[in-house]
2 protein chains.
Amino acid sequence: MAVDPECPVCRTAEIVCAKWTLLVVRELDEGRSRFCELERSLTGISPRTLSLRLRELEQEGIVERQQLDELPPRTEYALTDKGRALLPMIEDMRCFGERWLDCEADAVFSSPSA
Amino acid sequence: MAVDPECPVCRTAEIVCAKWTLLVVRELDEGRSRFCELERSLTGISPRTLSLRLRELEQEGIVERQQLDELPPRTEYALTDKGRALLPMIEDMRCFGERWLDCEADAVFSSPSA
DNA sequence: CGCGGCACTTCACTTGGTAAAGTGGTTCCG
DNA sequence: CGGAACCACTTTACCAAGTGAAGTGCCGCG
């Protein structure tokens, strides 16, 4: 590719700048969630992309996949500590958006998680 | 696209997640710079992409273009206040990279290929 | 037994970034 | 004075990543 693989900013950017990544992290911060739940919250994401993203994030150790073997078998996803370490960026982005972009400051999404 | 245009995180993500954006912002934080200088610092960027990115960032009010009409006419780019408001994110990303990715903490740029 | 949900995958298409080359202006050098 | 080189890009052709729509295999439900 071209950007320095030694550079922490570049490396982080490659992870978090993939489309939807930050949004799934934010969604998962609200609590563990299943594929179809994420699909519903992230309106517009294609299942293919969600699947890819989840897999990448799992590989990176940012989310944890848990196969509950109930019947029918459910799959749940949750943030790891590493994943939670991304939250400050999301917070910064929210601040930036609220201050500099004309966003509804409170249209964060549904749910101010208790 | 699909992501909520009201959501400050989504809006900000759309801007900063375009490839190279954060890197040009970081570069510009070092001081105003010219096209070819940026081209050299951001090893691997194509002039087309740099041109596009600079234009977008200018439109967003994140960088300022200054045509000095010396001869030959030089063009300089610099961060605006809005642009500087992105720096905390970059800082967060550096922290994340240093803590969670195996990056040389100080190899910010040129690899010390001794 | 057919319908619907879940967790995906496959396919065809569009969009965004890339590499390589080109453009039109300038100054530098012999 | 001619040619090489620099600057700030643009143009072209190409490729990879994301999209929308549909499909798959598995299950449980009425």
Side-chain angles (χ1 to χ4, degrees), chain A residues 1-5 9-25 27-28 31-60 63-78, chain B residues 1-5 10-25 27-28 31-60 62-78:
Chain A
M1 222 251 279
V3 277
D4 191 341
V9 177
C10 302
R11 293 278 311 279
T12 307
E14 272 179 48
I15 297 172
V16 302
C17 285
K19 208 170 170 186
W20 298 100
T21 297
L22 258 356
L23 281 332
V24 345
V25 169
E27 208 49 43
L28 254 21
R32 56 200 309 104
S33 190
R34 294 189 281 134
F35 192 90
C36 66
E37 288 172 344
L38 290 169
E39 227 178 333
R40 274 190 286 268
S41 323
L42 304 165
T43 35
I45 197 173
S46 67
R48 167 178 152 77
T49 304
L50 180 54
S51 179
L52 285 171
R53 214 72 334 141
L54 250 12
R55 229 163 276 282
E56 289 162 16
L57 291 175
E58 195 194 352
Q59 267 196 320
E60 285 290 344
V63 316
E64 242 174 9
R65 171 202 243 80
Q66 209 173 13
Q67 282 275 17
L68 317 176
D69 45 39
E70 310 168 350
L71 284 186
R74 307 174 157 233
T75 322
E76 284 199 337
Y77 300 89
Chain B
M1 221 252 276
V3 278
D4 190 342
C10 302
R11 294 278 312 279
T12 306
E14 273 180 46
I15 297 173
V16 303
C17 286
K19 207 170 169 186
W20 297 103
T21 297
L22 259 355
L23 280 333
V24 346
V25 169
E27 208 48 44
L28 254 21
R32 53 202 309 104
S33 190
R34 294 187 281 136
F35 192 91
C36 64
E37 288 172 342
L38 290 169
E39 226 177 333
R40 275 189 287 268
S41 324
L42 304 164
T43 35
I45 197 174
S46 67
R48 168 178 151 78
T49 303
L50 180 55
S51 179
L52 285 171
R53 214 71 336 140
L54 251 12
R55 229 165 276 282
E56 288 163 17
L57 291 174
E58 194 195 354
Q59 267 196 320
E60 285 290 345
I62 287 168
V63 316
E64 242 175 8
R65 172 203 241 81
Q66 209 173 13
Q67 281 275 17
L68 316 177
D69 45 40
E70 311 170 347
L71 288 185
R74 308 175 155 231
T75 321
E76 285 200 335
Y77 300 89

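The sequence lines fix the lettering, A, B, ..., with proteins before strands; numbering per chain opens at 1.
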Heavy atoms under 4.0 Å, any strand shown: does [X] hit a base, just sugar-phosphate, or nothing?
X: B/Arg48; result: base
X: A/Thr49; result: base
X: A/Ser46; result: base

Carboxylate-amine/guanidinium contact B/Glu56 B/Arg53, below 4.0 Å: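 Yes, this pair counts.
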
Rounded to the nearest angstrom, tell me the gap between atom [atom1] in [X] and atom [atom2] in [N].
X: A/Leu38; N: C/dC8; atom1: CG; atom2: P; answer: 11 Å
X: B/Ile45; N: D/dC9; atom1: CD1; atom2: P; answer: 13 Å
X: A/Arg65; N: C/dA7; atom1: CZ; atom2: P; answer: 10 Å
X: A/Glu39; N: D/dT19; atom1: CD; atom2: P; answer: 12 Å
X: A/Glu58; N: C/dA7; atom1: CD; atom2: P; answer: 14 Å
X: A/Phe35; N: D/dC26; atom1: CZ; atom2: P; answer: 18 Å
X: A/Leu52; N: C/dC11; atom1: CG; atom2: C1'; answer: 14 Å
X: A/Glu14; N: D/dA17; atom1: CD; atom2: C1'; answer: 14 Å

5' priority, DNA chain D, between A/Ala18 and A/Pro47 [closest heavy atom]: A/Ala18

Any residue meeting salt bridge (Lys or Arg N to Asp or Glu O under 4.0 Å) with A/Arg55, in chain and number order, not counting sequence neighbours: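 A/Arg55: no salt bridge (Lys or Arg N to Asp or Glu O under 4.0 Å) contacts found.
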
Residues in salt bridge (Lys or Arg N to Asp or Glu O under 4.0 Å) contact with A/Glu64, at least two apart in sequence or another chain: none

Distance check: side-chain N/O of [X] vs OP1/OP2 of [N], anything under 4.0 Å?
X: B/Tyr77; N: D/dC7; value: no
X: B/Arg40; N: D/dC7; value: yes
X: A/Ser51; N: C/dA7; value: no
X: B/Arg55; N: D/dA8; value: no

Counting heavy atoms from C-beta on, name the nucleotide in [options] closest to the side chain of [X].
X: A/Arg74; options: C/dA7, C/dG17, D/dG18; result: C/dA7
X: A/Lys19; options: D/dC7, C/dG17, D/dT19; result: D/dT19
X: A/Thr75; options: C/dA7, D/dC7, C/dG17; result: C/dA7

Pair B/Glu14-B/Arg11, salt bridge (Lys or Arg N to Asp or Glu O under 4.0 Å): steps then yes or no: CA-CA 5 Å; B/Glu14 273 180 46; B/Arg11 294 278 312 279; 6.0 Å; no

For A/Thr75 against A/Gln67, the heavy-atom pair lying closest together: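 A/Thr75 and A/Gln67 have their closest heavy atoms at OG1-OE1, 3.6 Å.
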
